[in-house]
Amino acid sequence: MTDHARARVSNEESSSTPRSSAEVALPSHKGARGLQDELKERWSHSDEQPEHDQRPDGAKPMQTGVIVRRSLRVIAGLAIVAVFGWMPLRAVWQSSSVEAIVNSRLVTLRSPIDGRVSSLLDLSRQLGPVREGELVARIVNPRGDRMRLDDLRRQLARLENQRPTLSAKLATADSARQDLARQAAQFRDGRILQLEARTAELRTSIEAAATRLEEATAAVERASTLARSGAVSTVELARLTREQSVAQQAELAARMRLEGATVELAAARRGTYLGDSYNDRPSSVQREEEMRQRAEDLKADLMQVDAEIDWLAREMITERTRFVERSESNITLPAAGQIWEVMTSPGEDVRAGQPLLKVLDCTQALITANVTERVYNQLQLGDHATFEPSDGGPGIDGTVTNLTGASGAPANLAINPDVLSKEPYRVTVTLPPVNVAASGCTVGRTGRVVFSGTKS
């Protein structure tokens, strides 16, 4: 029964003739249907009465109060409907998710080497955020293979021991070469002086031969004059003529010897020696050349040893770094976040590739939501979305980056999207990067996602 009907019934009872209690009381056997019929009958009876009833003057203030109370009730009902019905109506009108939760990807830290866990991050830190680059574990392998490093060290030691010997041999060869070069220079200077003296001697011999030739020529001319007068015999003239020819040949031979000595002197000045009793170079020069060649070979050997020593030193540095990497390793965080799961303990032997820790990457948060089929079919990749936290915090804008539908979601998320079971259609919204130190890790907070239907 409404407030309006109750008011009509009360007015009718006050204005009409009093009835007996039997007439006013409703029969109990009629039930709800009988009560409804009785109310309709009384309502129709009240409408048939004249507009201006003959009521007492005191009844008008009562009627005014009833109207005021009735208006207040109507206003209160409308306010309640407006307040408590707006959220459901808005949820119906907007394209939004049924459920939504802040999620994040898991980063699995694995052991890069075989070894033993010597230290591990304090498990109490699991409750708070951890910084990027922070040391969380240390792996030590006391049985690391250092055979290659020892081999390089032995080779380096052998070459370093050979180098002083080669240096000493090279110094000795240089000293012997310098002595032989000095001897060769002395021999060359002496030979040149000898050839210059011989050249001077040959020039003197040529002058003497020329003088004898002039004397012989003059004697032949006198004998020829005297022979025509009969003062000199023919035999004497022939003798003088023969002496003139001998003198002429002697001068020619001296000039030829001078020419040979000049050629030998020029060759000696160039470092080449001509003669019948030795080669083009004397033994001192030949020995000096041999010693120079030996010194060059020793110098080349020393340069090769130095090059090998330098190469082995660099190779040892590389191999030592590689050995350190194989024998010990520091595990650091690749991103700021929160320790999610610890899968080892100090003193435990681990293998290469074995997972040690799982860390929440809180710098790149995701929203995992499920939606109805109608909303899912309206969404596209890149659509703008806003996450509204359930605790009343400010909304966070994001972008739709994955529409998995009813299929399985990625397995590296901290919270499996399958826990959102009210609707089977799942959506992933990527939020902008956040400062973990300022805002903390909000994984697990609930809310809803409102989709605007526009590209970000």
Side-chain angles (χ1 to χ4, degrees), residues 148-213 246-319:
R148 172 64 177 168
L149 183 61
D150 293 339
D151 187 25
L152 292 174
R153 185 180 290 110
R154 285 192 293 270
Q155 294 182 21
L156 181 62
R158 178 175 56 81
L159 291 176
E160 289 177 347
N161 292 333
Q162 289 180 358
R163 193 182 187 286
T165 303
L166 290 175
S167 299
K169 289 182 178 180
L170 178 60
T172 302
D174 285 336
S175 177
R177 182 187 60 80
Q178 292 175 2
D179 292 340
L180 292 174
R182 186 166 51 254
Q183 293 178 9
Q186 292 174 357
F187 176 81
R188 182 176 60 253
D189 294 340
R191 183 61 177 168
I192 290 173
L193 292 174
Q194 182 183 9
L195 291 174
E196 288 177 350
R198 183 182 298 178
T199 302
E201 179 184 359
L202 289 174
R203 286 194 182 95
T204 303
S205 299
I206 291 173
E207 291 177 358
T211 302
R212 286 194 297 271
L213 179 60
V246 170
Q248 185 178 3
Q249 294 297 325
E251 182 187 5
L252 181 60
R255 292 184 180 277
M256 295 299 294
R257 287 196 299 272
L258 177 62
E259 183 178 357
T262 304
V263 172
E264 188 173 355
L265 177 61
R269 288 173 177 173
R270 293 193 302 269
T272 303
Y273 304 94
L274 303 177
D276 296 334
S277 59
Y278 48 81
N279 297 326
D280 59 343
R281 291 186 179 183
S283 59
S284 59
V285 176
Q286 294 178 6
R287 289 181 60 193
E288 190 266 337
E289 290 294 334
E290 292 177 356
M291 193 57 63
R292 179 184 291 110
Q293 185 64 37
R294 177 173 174 79
E296 292 295 333
D297 293 341
L298 290 173
K299 187 180 295 183
D301 293 341
L302 185 60
M303 292 176 61
Q304 181 181 0
V305 169
D306 290 338
E308 290 183 0
I309 289 175
D310 293 339
W311 179 82
L312 287 173
R314 292 192 302 269
E315 192 68 16
M316 279 189 62
I317 294 174
T318 304
E319 186 62 28

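These numbers were taken from a predicted model, which means no experiment stands behind them.
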*Evaluate whether atom CD of Gln194 has more than 12 neighbouring non-hydrogen atoms of other residues, nucleotides or ligands under 6.0 angstrom away.*
yes
*Can a salt bridge be assigned to the pair Asp297 and Arg294 using a cut-off of 4.0 Å between side-chain N and carboxylate O?*
no
*asked:* Measuring from atom CD of Gln162 to atom CG of Asp301, what distance do you get when rounded to the nearest 0.5 angstrom?
replied: 9.5 Å
_CG-CD1 distance between Leu258 and Ile206, expressed to the nearest 0.5 angstrom_ = 4.0 Å
*Looking only at heavy atoms, what is the nearest atom pair of Leu152 and Glu315, with distance?*
CD1-CG, 3.5 Å
*Report the distance from atom CG of Asp150 to atom CE of Met316, rounding to the nearest 0.5 Å.*
8.5 Å
_Heavy-atom side-chain proximity of Ile317 to Arg314 below 4.5 angstrom_ = no
*Gap between atom CD of Gln249 and atom CG of Leu252 - 0.5 Å precision*: 5.5 Å
*asked:* Between Arg255 and Glu251, does any side-chain N to carboxylate O distance fall below 4.0 Å?
replied: yes
*asked:* Could you check whether Arg257 pairs with Glu201 (Lys NZ or Arg NE/NH1/NH2 to Asp/Glu carboxylate O, under 4.0 Å)?
replied: no
*Is there a donor-acceptor pair closer than 3.5 Å between any side-chain N or O of Ser175 and the backbone N or O of Ala171?*
no
_Looking at every non-hydrogen atom in both residues, tell me the closest pair between Ala268 and Leu195 and how far apart they are._
CB-CD1, 3.7 Å
*asked:* Going by side chain to side chain contact (heavy atoms under 4.5 Å, CB included), name the residues that satisfy it together with Arg177, two or more places apart in sequence or in a different chain.
replied: Asp174, Glu288, Met291, Arg292
*Do Arg158 and Asn161 come within less than 4.5 Å of each other through their side chains, counting heavy atoms only?*
no
_Restricting to non-hydrogen atoms, name the atom on Leu213 and the atom on Ala247 that form the minimum distance, rounded to 0.1 Å._
CA-CB, 3.6 Å
*What's the spacing between Leu159 CG and Asp310 CG if we round to 0.5 Å?*
10.5 Å
_Can you give me the closest heavy-atom contact between Ala295 and Leu170, atom names plus distance?_
O-CD1, 3.2 Å
_Separation between OG1 of Thr165 and CG of Leu298, rounded to the nearest 0.5 Å_ = 11.0 Å
